[in-house]
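This report refers to the structure that appears directly beneath it.
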Amino acid sequence: MRIRVRRAVLDFVWLLPQADRPGTLALAAQIVAAGLLPVALMLATAAVIAAVSTGRSPLPGGTWGAVAALAAVLVTFQVVVPLLGPATERLAHRLDLLLRMRMLRAVLAPPTLAHLEDPKLADELAQARTVGTEEVQTPLAVGALSAVAATRLMAAGSAVVLAGYSWWAPVALLACWVATNEAYRRGVARLISSLEGATPGFRRARYLSDLSLNSSAAKELRLFGLAGWLADRFETYWRAGMREVWSRRSHRRGVMLAAVSVLIAGHALVAAALVRSALAGDLGAAELALYLQAIIGMAGFGWDADRQYVLRLGVAPVPHALRVSAAASDTGLRLPGSRTPPADMPRDGIRFQDVSFAYPRTERNVVRRLDLGVPAGRSLAIVGVNGSGKTTLLKLLCRFYDPGEGSVTVDGVDLRELDAAAWQRRVAALFQDFARYPLPARDNVALGDIGRGDDDDAVGRAAAAAGVADVVERLPARWDTPLSREFEGGIEPSGGQWQRLALARVLFAIEGGAGVLILDEPTAHLDIRAEAAFYDRFLDLTRGRTTIVVSHRFSTVRHADHIVVLDGGRVVEAGSHPELMALGGRYAAMFDLQAAVYRQGSGRA
């Protein structure tokens, strides 16, 4: 959805007092001072000229009174406006914080993941940060707003002064400025609209640019010789986005030339009338100087290319930020249910009953009429080829989505009746794409139950259970070591160390009261020794806990109390490891195939 510039400015102004009321008052005072003091300066200058040229002053105190008035205006202008600067600067930063916090809360508030997988919202988020690839930050617009508003106020005061000569003079100049501004305004509006329309392409270009600067991709980019390809693809996306912008700019040249010609003619007409009146003796030197200054002052009605460009481009993200914020309250992102789950849930077990589910904006069911039970305090392993619905089943259990058909119940209670966020606190999950937080090692574990983050003993127990305590002990600052080389004294853990830290985070959540443990490919990043150690600890980690394990490693799966095989979103086989091996079906075939690979590898070794 494309923005209207005037609406964006109004939204911007509406947000100012919400960000910082005292700062907004300071901004208003700054605008008034910067707008009216120049008009007062015109009048004081004219008074001095009149006093010097005629010996008479319109102000008390004669010539020296006029000089004192001029000095007072100059000093006030030089002192008052800078004094208000710190308050308006604080307002700018608080406004930036307000917008960022609104977007952050909007993105994080819904318990569902649907909005994060919506391409339209992704574009809104890109536009909320900047328009296209223009890096104009919102705080810059506060200074531009102050300057533009003050200039407009000064121009209005100048028009009032010029009206003292004749009513038609300011009207004629205003008409010229309005016509010229409209031409400029339409040009900038089309520019911003073009940038917004090209946002998907710009977003791809930005991704490629970030990829070239990201150390995680640096090795592959060099080994595969992708530097030239990446640069060419970036240029292609960027030029495609800018093509319409360049085209529209070239089409506006004739219009702008005509607008400037009208402006020159209008000013020549008014200036000629003033000079004629002065030559005829109808205007004195002081009046002529005053009205000529007023003509110059009315230029404040014109287009300030730099400031208005910054203002319009700076406020352009605001409507998108407000839309992103409004998305958090969208009924389509709300999940029903308000009951708080009991602290000991699940007591009996979890049940998928005739569940079918298709992702938003798709029609194909990933899970189809699935029936599955997970007894409380027992472990269930789920296996199947890629695309069989394993990860989707976990998302339904975590209540990132609700089923399209059927129900997921816990202790006989439909998850739709429970508060989604409260239920999610009952689940501790180690996903295959687990987060790697560039924070101290302690925080990477404590985030599993942030309310108990200062319990060092509990953090240590979770780390020991996950097999990562010895790794932390060898870090430069132990638990206080930042896990990123971007920070002073930081280190970058290996993939297996990251996975064990993530497992410790999950176990810390379980100790804090989470009732369901999810392990999605828990040994994917582990080496052979770490994987073997995990197998040895598997029964201890899962004993007495309601656990669901998804893995392609059958050496992990075989330890589970119950195993199910998914295919096409349905359970096609179920049983214990010995039972499924005796059945001789898909599970047995996959197990034998994997075992044969390991045996062959061992033989070659």
Side-chain angles (χ1 to χ4, degrees), residues 1-35 81-82 84-104 106 123-155 181-182 184-199 202 206 245 300-326:
M1 188 180 296
R2 301 187 177 185
I3 67 166
R4 295 179 179 177
V5 175
R6 288 194 181 98
R7 180 62 191 176
V9 174
L10 290 175
D11 287 340
F12 185 82
V13 173
W14 176 73
L15 284 174
L16 291 176
Q18 299 181 48
D20 184 8
R21 190 175 298 274
T24 304
L25 294 175
L27 178 66
Q30 188 180 61
I31 291 171
V32 171
V81 174
L84 297 171
T88 57
E89 183 179 352
R90 181 187 65 189
L91 168 66
H93 291 294
R94 289 190 174 180
L95 176 62
D96 185 59
L97 176 63
L98 174 67
L99 286 170
R100 292 175 186 272
M101 289 302 297
R102 282 199 173 190
M103 286 190 292
L104 188 146
D123 285 344
E124 290 280 13
L125 283 168
Q127 293 165 354
R129 289 190 288 267
T130 56
V131 177
T133 57
E134 293 288 340
E135 296 295 340
V136 177
Q137 297 299 321
T138 303
L140 294 179
V142 173
L145 174 67
S146 174
V148 170
T151 303
R152 291 285 190 265
L153 185 59
M154 180 191 70
N181 280 353
E182 184 63 16
Y184 272 113
R185 186 193 65 79
R186 290 187 178 184
V188 172
R190 285 186 173 90
L191 170 63
I192 295 176
S193 181
S194 299
L195 288 170
E196 288 187 300
T199 294
F202 280 140
R206 176 177 292 172
V245 177
F301 283 126
W303 182 267
D304 185 332
D306 291 335
R307 289 169 177 169
Q308 288 189 248
Y309 182 79
V310 170
L311 175 60
R312 280 163 166 73
L313 209 56
V315 302
V318 173
H320 299 292
L322 295 178
R323 289 192 201 115
V324 171
S325 179

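- Once rounded to the nearest 0.5 Å, the distance linking CE of M101 with CG of D96 reads 12.0 Å.
- From L15, atom CG reaches atom CD of Q18 across 5.0 Å, with rounding to the nearest 0.5 Å.
- Residues L145 and V315 fail the side-chain proximity criterion, which asks for heavy atoms closer than 4.5 Å.
- For R90 against P22, the heavy-atom pair with the smallest separation is NH2-CB, 3.7 Å.
- Smallest separation of non-hydrogen atoms from S146 and Q30: OG-OE1, 2.9 Å.
- Considering every non-hydrogen atom in both L153 and V32, the closest pair reads CD2-CA, 3.7 Å.
- D20 has its side chain out of reach of L95: every pair of non-hydrogen atoms, C-beta onward, lies at least 4.5 Å apart.
- Residues F301 and T151 are not in side-chain contact: their nearest non-hydrogen atoms beyond the backbone lie 4.5 Å or more apart.
- Atom-to-atom distance recorded for L91:CG and L25:CG is 10.0 Å, nearest 0.5 angstrom.
- Residues V13 and T24 are not in side-chain contact: their nearest non-hydrogen atoms beyond the backbone lie 4.5 Å or more apart.
- From L322, atom CG reaches atom CH2 of W14 across 6.5 Å, with rounding to the nearest 0.5 Å.
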